[in-house]
Every structure is written in structure tokens, then in C-alpha cells.
Number of protein chains: 2
Amino acid sequence: MVTMVEVSQRAGVSTATVSRVLNSPDVVDQKTLQLVQTAISDLGYRPNAVARGLASRSSKTIGVVINRFSSSYYGRMLQGVEEALTSLKFKAIAESSHESAEGEMSAVYSLLDRQCEGIVLHSDMLSDDQLRELFNKQSKIVLMNRLLNGFEDKCVYLDNVRGGTLAADYLIEMGHRDIAILTGPESFFESSDRLDGFLTRVDQSGLNVDQDLIFEGDFRASSGRTAMERIWALGKPVTALFCMNDEMAAGAIDACLERGVSVPKNISILGFDDHEMSRFLHPKLTTIRQPLTEIGAAAGNLAHALARQADHKKNKTVFEAEVVERASVMKIQLNKRSQLGERL
Amino acid sequence: MVTMVEVSQRAGVSTATVSRVLNSPDVVDQKTLQLVQTAISDLGYRPNAVARGLASRSSKTIGVVINRFSSSYYGRMLQGVEEALTSLKFKAIAESSHESAEGEMSAVYSLLDRQCEGIVLHSDMLSDDQLRELFNKQSKIVLMNRLLNGFEDKCVYLDNVRGGTLAADYLIEMGHRDIAILTGPESFFESSDRLDGFLTRVDQSGLNVDQDLIFEGDFRASSGRTAMERIWALGKPVTALFCMNDEMAAGAIDACLERGVSVPKNISILGFDDHEMSRFLHPKLTTIRQPLTEIGAAAGNLAHALARQADHKKNKTVFEAEVVERASVMKIQLNKRSQLGERL
DNA sequence: CTGTTAGCGCGTTCAG
DNA sequence: CTGAACGCGCTAACAG
């Protein structure tokens, strides 16, 4: 490994000067600058980032914790963080939590040990209380796509309650009254928030959702299938199914296709997320879009601001979902409603 | 920040002893061990990984370069690398190349600057010559999912030629003779290798592919649509389309659906990759699967072996694709072949 | 088994 | 504008 010492010797200067041409070239004389620069390129010298970090007590790095890399859901957020930090001349370094609470915690500390100046944490498994404890101890953490009460200024997230409201508004406007709901795991805040928003709006509209038609899924396609089967088993009229993510919606559509039930003619299906694949489903999935990349970018920016004690009040931290209208939800005539439902 | 010095003072020992309880607890006396450990937990001391790396000249870290995080294609490989390294007590740190040759190169060097002990590089944009130059200078790089002649022992990849052969075998066996092909960009080795394998096998079978029916795409869904439109415009009989990735296949299926052309009844479509979404397309896509996660894991293991000068001859480095039979390719009767083709 | 002494490769004073 | 000296937090001999 070629170090600064060798460069300084070849250029006939001190290491301090070499350090200067690296960090503040303008304060060094033109001639010596040239001298050092040619020495650098002659030797193929590359500054050791680890040593620099130690000496300068600044790593210019933000750590990111996500569940796993293999899904485009997390990938899109990570991409956003990375792009934001790159344009701030920071680096992102990501670690996977392997979808466990201990994994999330240990990833945070491992990243902190590496002297990351800030952390962007996506947490599904830690409880609000555990997170609060963590946030009380570590001030440089940003929570990505989740709201932690009491730490609003450290959170960048989608307004899931409004997302649920949006879904309700949309389905109601499309004429649906007999609506089934497929949630994610009960413990997931995304899911419960969306459900809250949805049910509240339904209620406000003077309508209601049959409790028997609220199913708990696990965010995987198979639970979409299961939900459809349960709906059929119940035999109640249902004109629309709201799935809290697109994968479950895909599973539901699949089950319909197999049984010869037409989507959206016989039943409308609404998803959530706007997953990569949603535009390729048949019918193309109408869904509620989360701006994941933007959320990631905002989280990256916030973490950077926090790390550099900059003013972070300017950052947008609450994002709105939006309806992406494709082909899986159909408008139905109110007077034909019950008829349709029964035909199911 | 609490450092070793504070720990040593509180425990009444030297920093060397603190270092020992961290790195080789067995050589230190039980009593002092206890003493130091309580001091550590009392102070909430956490070793600075950067300083450790500098002093020990070992980062226990492998860098990974991929095009982008947002696609599950790269995510699956990254996941494999990460899992393999985690079980070797190494860390993976990933950087995105932003899909450019300079990006790939600078990511490699940035990772090296951070004292990664090895690099796993996925390169689409660098030429073979550029890669050879890089590999000659840097010995600790592993090429993921690409073959570089002359550096076979540094490569972990899918045998794309055999993947192409496999595709040809399958389609021929299913009775297809009038086959169209949609490749990726000409410069991509994946694409040209698969094409080679495909055409060679077709030739060996005494058949041939109409040159007019070989289209160049860009691996994105829209080129699948375009290809279908061109096929229809040509008016030649075609019973099957082989797309060199699943996204293009999805686009092709979509175009068929819109035009009322049934897949696979009117035309069979075969993909490549086994993308996350392929099982949700309609019809479910029959495709050639790449074991991306395993390839990533093998690359991680190889990089680790290289970094630690271990024997890396034992690693499996060439992977085979396999047919995943779903519903988008239909067996056709040879005697009905031309009839079918014309009906298109 | 433990403390002392040197660094790891660099940034950063402070004189000059 | 430049060099000498010191320190970042830790590991690694070497004595004892």
C-alpha cells in the first residue's frame, strides 16, 4: 500500500503538504501543488478513507438499515437514500436486519460502530417503546417510513391513515358498498393505520364494513388467495376487496382467475404500494401508490442534516399516497349493487 | 464518545488489557476480565470499528458494486452476497454504480479506499478490456454473473450459453419451429451468450431461425411490446417468442392481451431470469431461472477466500439455468404448426 | 497474565 | 505558504 509518506518523499515535501493538496488545494503554492500531484499519480496513491475518517473524526457516511435487499420495496427506499446522499457528497452504507428485532438493533449499532454520522432506520419489528428507548440514547437516527409519536421530527413517513382514507374515498366513489379488507399482520403499524383511515372514512360516509369481511394477511401473495377463498366460503355479497399491499392483491387476482371469477367485473380489487409488478398483472392493478424513493431521499436528507447539525426543519417529512388508477377496480351502478354482489 | 482509555482507567488496567478482553478474552485473568467487562457495560463502551480496522489492518469487509438497488434482480444477488458474508463473520458494504462505466470503476475504488478486503463487482458497462486492465491491477476483485476470459477463477456466473441452449431445447421439444427472439442490448454479454447458445442448438437440430425474427430490445418491458408489434407487422408465422428477460416477456404478453391475442394459444412466450413478478403474470410466465441469490452467495464466498488467501478452488463458480415451467408456453402439434402460425 | 512502547495512515494545530 | 509535532482510537510486539 502506498501511503502519504511515500508521496511526500517523492515530492520532496512534508506529509502535511500532501494532506493539504488533498483537502485544501487552494492554500498551497502552484508549483508544489503540481509536484505533489504528479507524485500522487506516479505512485497511484489513493488516500486511505479509514485513516482519514479516524483523523478527521468524520466519515461522511450514513448507515441504512432495511429488512432485506431482495425485495424492490426496500430497494426503492434504499435507492432514494443513496441518491440523496450521493448528491450531498456522502456515502450510504446499508445493512440488512434479516427481519428481526435484534437484527434491527444490532445493525444500528454495527453501523454506529463504523462511525456513521447518522442512521436511516426502517423498522418493522421493534416496538414503539423499544424505538423510543433507542431514540433517547442515540440522537442521530432517522426513522424511515414509520411514525414514532414523540419523535415526529426524526420520522419520514407516508401518512398511512390518509392512505386508508384515500382508498375508502376511491372505492366509495366507484360505487362500492360491500367491501372486504385484507390487512397485513396486526402488529404492523402500516396496516393498522390504513385500516383506521379506511374504517373512519367509511363510517363518516354513513356506511359500514362487515366485521366478518376484515381478514388478516401477512403481506404475501398466498394470503390474498386465502382471503378470496374465505370470501367465497362466507357467501356474502362483496363487490370490492381492498388489499393492504400489492402482493396480496396479486394473490387475490390469481385466485379469481383460477376460479373463473372476472376482475373487476365480478369483484374489484384495490392494492397498496404500487409495486414494480402491478402494472403487469391482469387486469393491471389499481392501487394506492407510496412514493418510496422520495421517502428514502427525504430520510437521507434528514439524516444528513441531523449529522451536520444543519437546519432540518425545511425537509418534507410526511408524504401522501395517491391513487394509481389502472384496471382492477370498476365503477358500479348503485342500483345494481346487491344484484352484483349476490351473483358472486 | 467513550474510548478505551476511559474503560481502562475505570477498570484500573492498561488499554492493552482492554483490547485483550475484546479480542482474546481467554488469555486474560478471570478477575480482570470481569473488572473490565463491567467497566465496559457501565460506560456503555463500544469499540470504534474504524480505529480497529486501521490498527489491525483488517476491515473484515467486502465491497459490492451493483447497478442499482431498486430492482429485485440486483437485490437478490446482493442478498446472497450479504448472507454468505454474514455467516463468515464479514460485512458487506454495497455501492451503486448508477449504471455507467465510470460509476462502476469509481465504486470499486471508493470501496477499496475504505479498505474493503475484497470486492464483488457486477459489471454491465465496462468492456472486457477495461475489466482485464482492472483485474490485472487489483487482485482482490470477483466478477459476479459475468465471465471474463483469462480470469475464470475470479468469476462467478451463470452459463448463459447453456441457458440459451436450454431455451432452444425446451421450445423445440414443445414443438415450436417458427420462433422469434428478443435479445437485450447487443453489447450485453448475457444477451449475446444466450443467443449463441440458442442459435447453435437450433442449428444442431437441423432447424433454423429466421433472421428477420431476431429483434434487439433493451431489457425493459416496452421493448417486449415493440417486438410483438413488429412480429405482427411482418406477418410471418410465429408460434413462440423467446425473450431474454422476464420484463420484456411481460411487455410482450401485455401487448398480446391488448390485441386479443391469446398466450399461449396463439403464441407461446418464454422468458429468462424468473423475476419476482413472473408467477403473477397472466398467463404465469414459463421462464429460464437464474439462481441469483446463490450466485451472489458464491461470489461472496469467493471474495472472502481471496481476501483471506484461503483455498478458493473448492467454490462452485459456474451455475446452470433451469426451466421453470408455468403456463405461457404451450406444446403444439407439429402437423398443425404452419396452420397455427398463419392464423396469427 | 499484564503494562509499556510503538505504530496504523492521516488531519491539524502552531511556528516560522 | 510550509514543516514539525501531536493525536484520532485501537492493536501488536516486547518485556517483565
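Reminder, nothing fancy here: chain letters follow the sequence lines and each chain counts from 1. The basis for the numbers below is simple: all heavy atoms, side chains too, and nothing from hydrogens, waters or symmetry mates. Worth saying up front: this structure is predicted, and the values here are computed from it rather than measured.
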Once ring pair (Phe, Tyr, Trp, His ring centres under 6.0 Å) is applied, do any residues pair with A:F189, and if so which ones, sequence neighbours excluded?
none

Provide the start and end nucleotides, 5' to 3', of the part of DNA chain C that has atoms under 4.0 Å from heavy atoms of chain B.
C:dC1 to C:dG9

Compute the angle between the rotation axes at the two ends of the helix from C:dC1-D:dG16 to C:dG16-D:dC1, each taken over five pairs, rounded to 10 degrees.
40°

Interface residues of residues 33-51 of chain A with DNA chain D (non-hydrogen, below 4.0 angstrom)
none

Taking CZ from B:R57 and C1' from D:dA13, how many angstroms apart are they, rounded to a whole number?
11 Å

What pairs with A:Y157 under ring pair (Phe, Tyr, Trp, His ring centres under 6.0 Å), at least two apart in sequence or on another chain?
none

Identify, with sequence neighbours excluded, every residue that meets ring pair (Phe, Tyr, Trp, His ring centres under 6.0 Å) alongside B:Y73.
none

Could you check which residues of residues 5-22 of chain A get a heavy atom under 4.0 Å from DNA chain C? Sort them by number, please.
A:A16, A:S19, A:R20

Results of salt bridge (charged side-chain N to carboxylate O under 4.0 Å, His left out) for B:E99 - residues two or more places apart only:
B:R68

Residues at least two apart in sequence or cross-chain that pass salt bridge (charged side-chain N to carboxylate O under 4.0 Å, His left out) with B:D129, listed by chain then number, are B:R132

Listed by chain and number, what are the ring pair (Phe, Tyr, Trp, His ring centres under 6.0 Å) partners of B:F319, not counting sequence neighbours?
none

I'd like to check the side chain to side chain donor-acceptor pair (under 3.5 Å) partners of A:S110; sequence neighbours left out, ordered by chain and number.
A:E95, B:K91

Could you pull out all residues at least two apart from B:E117 that satisfy salt bridge (charged side-chain N to carboxylate O under 4.0 Å, His left out)?
B:R308

